[in-house]
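So the structure is just underneath, and the comments pick up after that.
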Amino acid sequence: MEKTYNHKEVEDRILSSWAENGKLKANIDKTKEPYTIILPPPNASGKMHTGNVLMIAIEDLLIRWKRMKGYEVLWVPGTDHAGFETQTTFERELRQQGKSRLDFDRETLYKKIWDFVKENRGLIENQIKRMGASVDWSRYTFTLDDKALEIVNNTFSRMESEGLVYRDDYMVNYCPHCGTTFADLEVRHVTRKDPLYYIKYGPFVLATVRPETKFGDTAIAVHPDDSRYKEYIGKEIEVEGLIGNFKLKVIGDAYVDPQFGTGVVKVTPAHDKNDYEAGKRHNLEIKQVIGLDGKLTNIAGPYAGMKVSEARKVVVEDLKNKGLLVKVDEEYEHAVSVCYKKGHDIEPTILPNWFIKVESLKKPAKEVVEKGEVKIFPKWREITYRRWMEEMHDWPISRQTVWGIRIPAWYSVEDNPSLKVTFLDKSGIVKTGLVSELLATSGLDEIKKGLQSLMAPKDAKYVISRESPGEDFLQETDTFDTWFSSGQWPLITLGYPNSEDFKYFYPTSVLETGWEIIRPWVSRMIMFGIYLTGKPPFKNVYLHGLVRALDGKKMSKSLGNVIDPEKYIEEYGVDTLRMGLISGTANGRDFTFPQDKILGYRNFANKIWNMGRFILMMKERYEGDVPQFESAKLDLKPEDKEILEKLSLTIKAVDENLEKYRFADAGEVIYQFMWHEVADLYIEKVKNREDKDVALSTLIHVYTTCLKLLHPFMPFITEEIWGIMTENKKGLLMNSPWPVEK
RNA sequence: GGGCUCCUAGCUCAGUUGGUUAGAGCAUUCGGUUUACAUCCGAAAGGUCACAGGUUCGAGCCCUGUGGAGCCCACCA
């Protein structure tokens, strides 16, 4: 053995011996109890971050432990198409080539992103392998694999036929210039100075930066406790406007800040997110005053057809002339949403989207956790889950992105003349308009071929089908929210509904993931699992904490505090990084990247390496063969009995802590025992023992048992030493049975 | 603004139904070591458990309040 442990040399070799002889592939063995984990799929085109390392370390620990305990273990690896994130990354590349997504038709863009993902997906897969993850690669699944598409489409179709799907208006970030919607994450917030206009509204004066939307006002809001206006709440007031007088209801709503402006707000549900929410709370009418072309609609009377910026000037001028403008604060600074592409103002707009009714789904999902059918560790995280289950409202599942699973709804062009389409025509020019009108100049095939997006009215007639129902049809261009498909991940990976895997391995044993996705992911998986199979998809949920940067803050590119795990793997080895991270994560709380501990476990790795080296040296000096501890009758000294007893206690403590997902405690127990009991005390005594046969035999037994206990935590070094100690005669450590306390 | 969590040794953190003298790793100081390991061994020092009240025979732990930190969600017309 080398004088120090050289992880670089060892890791590759051990990886290939696991790949050749490790029991990675799960079999359906009905004489054994299954133990299953589905790996939360990392972004297919991304690279490993510290959180992924922690996730893999914990899951591999559980898997290796249960495998050694004799379970039929299955750990399914997979990667995620990461809809929005990937498309953004790809578009960034496009931009460097001076292009944008709007230069391509939908199909071409989709293919280009596919190629991009294919080019990049090898990286994360290799990193998972390099971590020593003992996953079953024969069951590897990508979120856009055919079996995924099939299940997701079928689920949607079934939900639709059971009346759980509907189309309704939803407020989205719409950019009239780009003619498309943006996800919340695509919206930039910039601080800008705009005039704040104080306008007379009947008995009130209120402040607004958007006077041009006044034609869409359907209420006036004040804070319910504002004594200045309390008497008005619930009453209707008469307001003098630019296009005649009109009546507005006064509502009391806590979203109004009495400190701001005059404490009175005009409510425009069609063009402001807050107002929209308030409108829903108070059943207000929605008047769309800005069209998708960015011009005022007919509701604005004489102002119809004006662009927003133009209309604002004219409206202000007219208000002034009518004496309705009280004052203007020119220096008002506020945050404005703009599109990330060119900085156009975002126009919050109501558009038809696809929704799922969650009422019938969330009840049983809440109950399984309350009844303990699904146990959440740590328990205090249950609060997040329960609150979400109470608050959750219907789920908008459509996204206006290309990279994802396209919603399998088809619109007949003939039945839906008011379908609005955007497409690239034969000469590559973008055209937008009603399909009924565009068909006069372009053929339907041309539209189909160049289609970028379509917008169907909320009462459009549609057919649900994976295949085109006929020549006359255009498919919905929206894709499913990523969580709609990843919510079915356990079912997808296990081949729901008929595969043998599904019958044997479902429900899985534990879902291990970060707590920040309780709401979008964990809740959805439970809902879908129960909906489709009657059973939640896992028995336990273990939620690990977030690994924060060295400054105690969340890692982020903009703060420049991101820790690249590669650096640590390179310098200290996989085992050390894994063990270091595990030791930091005791209670599933967030924790700062434990740099010192990683150093400490590097020392530990070297310590156990040298213990092995020393034992080998003693073996060589011993004349003849050391008696086998299990078979030989040994005359044990009290110190031998003592160390065996402590070993037994250690096994017990490790098992108990792992059962409770107390990984750091379990690791600590082995660490203390190996270093401070076996190395510091017992080995020192063995050095001076006359009865070397007994001492050495016991020592070897204790040490190799420790290797087993430590293996799930630090798989590489333990496997390597095991091979040397056993002269490769006992097979791989990873396939060996777990020690039993005596 | 709503919510969750944290504040324990110089640093990173344990402390699992309240119960002797509050622990670990790293760092510090002192000593040791002619060979398993200087990535070692032994020992020491280091804590008003954020602060203020309360409950209790007894509080790091339970309750209330204050202050600070981190994160999630919603964001100012």
Side-chain angles (χ1 to χ4, degrees), chain A residues 1-5 184 189 194 196-199 206-211 213 217 220-221 254-268 271-275 277-278 332-337 377-385 387-388 391 514-520 545-546 548-554 556 572 576 579-580 583-618 656-657 660-662 664-665 667-669 671-672 675-676 679-681 683-684 686-687:
Chain A
M1 279 172 92
E2 299 289 322
K3 200 167 176 187
T4 49
Y5 172 60
D184 287 341
H189 298 275
D194 277 310
L196 181 66
Y197 304 97
Y198 284 75
I199 303 172
L206 57 79
T208 179
V209 283
R210 305 212 54 187
T213 62
D217 294 349
I220 296 282
Y255 91 108
V256 179
D257 176 4
Q259 306 299 319
F260 185 89
T262 57
V264 185
V265 187
K266 69 191 200 64
V267 185
T268 322
H271 300 289
D272 182 284
K273 210 159 189 171
N274 272 315
D275 292 2
E277 294 297 327
Y332 176 59
E333 219 173 67
H334 66 146
V336 185
S337 307
F377 297 83
K379 191 160 169 59
W380 53 270
R381 289 275 186 220
E382 261 187 42
I383 300 167
T384 313
Y385 182 83
R387 285 184 63 96
W388 172 234
E391 289 166 8
W515 61 265
E516 71 275 13
I517 48 180
I518 293 174
R519 289 168 172 239
L546 194 82
R548 293 188 305 241
L550 295 170
D551 58 5
K553 294 191 177 139
K554 188 178 175 177
S556 81
Y572 302 119
T576 299
M579 188 68 170
S583 72
T585 187
N587 282 340
R589 269 193 230 103
D590 294 351
F591 62 102
T592 305
F593 186 80
Q595 211 172 19
D596 286 350
K597 280 187 178 152
I598 289 167
L599 218 85
Y601 283 109
R602 191 266 313 258
N603 295 353
F604 181 55
N606 194 59
K607 185 74 187 181
I608 58 178
W609 182 260
N610 273 292
M611 288 167 78
R613 216 156 70 91
F614 178 71
I615 291 168
L616 276 189
M617 193 193 78
M618 302 244 290
E656 282 175 358
N657 279 309
K660 290 187 284 189
Y661 300 101
R662 299 200 53 111
D665 291 356
E668 180 72 16
V669 167
Y671 176 92
Q672 289 297 338
W675 198 319
H676 301 303
D680 289 353
L681 301 177
I683 285 185
E684 292 306 316
V686 171
K687 283 180 180 171

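Since the model is a prediction, treat every value here as computed from it, not as a measurement. Residue numbers begin at 1 in each chain, while the letters A, B, ... track the order of the sequences.
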Does Val265(A) reach a base, just sugar-phosphate, or nothing at all? Heavy atoms under 4.0 Å.
base

rA43(B) versus rG25(B) - spacing of their P atoms, nearest Å
11 Å

For RNA chain B, whose closest nucleotide is more 5', that of Asn274(A) or that of Thr592(A)?
Thr592(A)

What nucleotide among rA36(B), rG25(B), rU16(B) has an atom nearest to a side-chain atom of Asp596(A)?
rG25(B)

How many whole angstroms separate atom NZ of Lys379(A) from atom P of rU5(B)?
13 Å

Spacing of Asp194(A) atom CG relative to rA77(B) atom C1', expressed in whole Å
12 Å

Residues two or more places apart in sequence or in another chain: which of them pass side-chain contact (heavy atoms from CB on, under 4.5 Å) with Thr262(A)?
Tyr198(A), Val205(A), Leu206(A), Tyr229(A), Val264(A)

What does Asp272(A) touch in the nucleic acid at a heavy-atom separation under 4.0 angstrom: a base, only the sugar-phosphate, or nothing?
nothing

Could you tell me if the side chain of Thr213(A) sits less than 4.5 Å from the side chain of Lys266(A), heavy atoms only?
yes

Per nearest nucleotide of RNA chain B, the residue lying toward the 5' end, Glu668(A) or Arg387(A), is Arg387(A)

Taking the C1' atom in each of rU21(B) and rC49(B), what is the distance between them to the nearest angstrom?
15 Å

For Gln595(A) and rG10(B), give me the distance from atom CD to atom C1', rounded to whole Å.
16 Å

What does Ala679(A) touch in the nucleic acid at a heavy-atom separation under 4.0 angstrom: a base, only the sugar-phosphate, or nothing?
base

Could you state the atom-to-atom distance from CD1 of Ile518(A) to P of rC4(B) in whole Å?
13 Å

Taking all non-hydrogen atoms of both residues, which atom of Trp515(A) and which atom of Leu546(A) are closest, and how far apart?
NE1-N, 3.9 Å

Anything under 3.5 Å between a donor and an acceptor, one on a side chain of residues 605-614 of chain A, the other on a protein residue two or more places apart or in another chain? List them.
{"from": "Trp609(A)", "atom 1": "NE1", "to": "Glu2(A)", "atom 2": "O", "distance (Å)": "2.9"}
{"from": "Asn610(A)", "atom 1": "OD1", "to": "Arg613(A)", "atom 2": "NE", "distance (Å)": "2.9"}
{"from": "Asn610(A)", "atom 1": "OD1", "to": "Arg613(A)", "atom 2": "NH2", "distance (Å)": "3.3"}
{"from": "Asn610(A)", "atom 1": "ND2", "to": "Asn606(A)", "atom 2": "O", "distance (Å)": "3.1"}

In whole angstrom, give me the gap between the C1' atoms of rC40(B) and rC26(B).
16 Å

Are there any protein N/O atoms within less than 3.5 Å of an N/O atom in nucleotides 27-33 of chain B, and if so, which ones and at what distance?
none

All stems that RNA chain B takes part in, i.e. 3 or more consecutive Watson-Crick or G-U pairs with distances under 3.5 Å, are B:1-7 with B:67-73, B:10-13 with B:23-26, B:28-32 with B:40-44, B:50-54 with B:62-66

Can you tell me, in whole Å, how much space there is between the C1' of rU12(B) and that of rG1(B)?
33 Å

Should the ring pair Phe604(A) and Tyr601(A) be called parallel, tilted or perpendicular, given that the plane angle runs from 0 to 90° and is split at 30 and 60?
perpendicular

Base-contact (B) and sugar-phosphate-only (S) positions in nucleotides 38-43 of chain B, heavy-atom cut-off under 4.0 Å, - elsewhere
-BSSS-

Which part of the nucleic acid, if any, lies within contact of Gln672(A), taking any heavy atom under 4.0 Å across all strands shown: a base, the sugar-phosphate backbone alone, or nothing?
sugar-phosphate

Contacts of Glu684(A) meeting side-chain hydrogen bond (donor to acceptor under 3.5 Å, both in side chains) (sequence neighbours excluded), chain-then-number -> Lys687(A)

Categorize Trp380(A) for me: base, sugar-phosphate, or nothing, with a 4.0 angstrom heavy-atom threshold over every strand shown.
sugar-phosphate

To the nearest angstrom, the CD-C1' distance between Glu516(A) and rC71(B) comes to 10 Å

Under 4.0 Å between a side-chain N or O of Arg589(A) and OP1 or OP2 of rC13(B)?
no

For nucleotides rG68(B) and rU28(B), find the distance between their P atoms and express it as a whole number of Å.
34 Å

Using the P atom as the point on both nucleotides, what is the distance between rG60(B) and rU8(B), in whole Å?
15 Å

Using atom P in both nucleotides, what's the gap between rA50(B) and rC13(B) to the nearest angstrom?
15 Å

Base, sugar-phosphate or nothing for Arg548(A)? Non-hydrogen atoms, less than 4.0 Å.
sugar-phosphate

Shortest non-hydrogen contact from Asp194(A) to Val209(A)?
CB-CG1, 4.4 Å

Nucleotide rC73(B), atom C1' - distance to NZ of Lys273(A) in whole Å:
12 Å

Between rC13(B) atom C1' and Leu550(A) atom CG, what is the distance in whole Å?
15 Å

side-chain hydrogen bond (donor to acceptor under 3.5 Å, both in side chains) partners of Gln595(A), counting only residues at least two apart:
Tyr568(A)

side-chain N/O Lys597(A) vs rA14(B) OP1/OP2, d < 4.0 Å
no

rA52(B) versus rA14(B) - spacing of their C1' atoms, nearest Å
27 Å

According to side-chain hydrogen bond (donor to acceptor under 3.5 Å, both in side chains), who are the partners of Asp275(A), at least two apart in sequence or on a separate chain?
Tyr255(A)

Atom OH of Tyr671(A) and atom P of rU12(B): how far apart are they, to the nearest Å?
19 Å

rA36(B) phosphate, OP1 or OP2: any side-chain N/O from Lys687(A) under 4.0 angstrom?
yes

For Arg210(A), which residues count as a side-chain hydrogen bond (donor to acceptor under 3.5 Å, both in side chains) partner, sequence neighbours excluded?
Glu212(A), Glu347(A)

Salt bridge (Lys or Arg N to Asp or Glu O under 4.0 Å) partners for Asp596(A), two or more places apart
none

Correct closest heavy-atom pair for Gly545(A) and Phe591(A) would be O-CE2, 4.4 Å

Who passes side-chain contact (heavy atoms from CB on, under 4.5 Å) against Gln672(A), sequence neighbours left out?
Glu668(A), His676(A)

All side-chain contact (heavy atoms from CB on, under 4.5 Å) counterparts of Arg519(A), not counting sequence neighbours
Thr384(A), Trp388(A), Glu391(A)

Under 4.0 Å between any heavy atoms, over every strand shown, what does Thr384(A) touch: base, sugar-phosphate, or nothing? Just pick one.
nothing

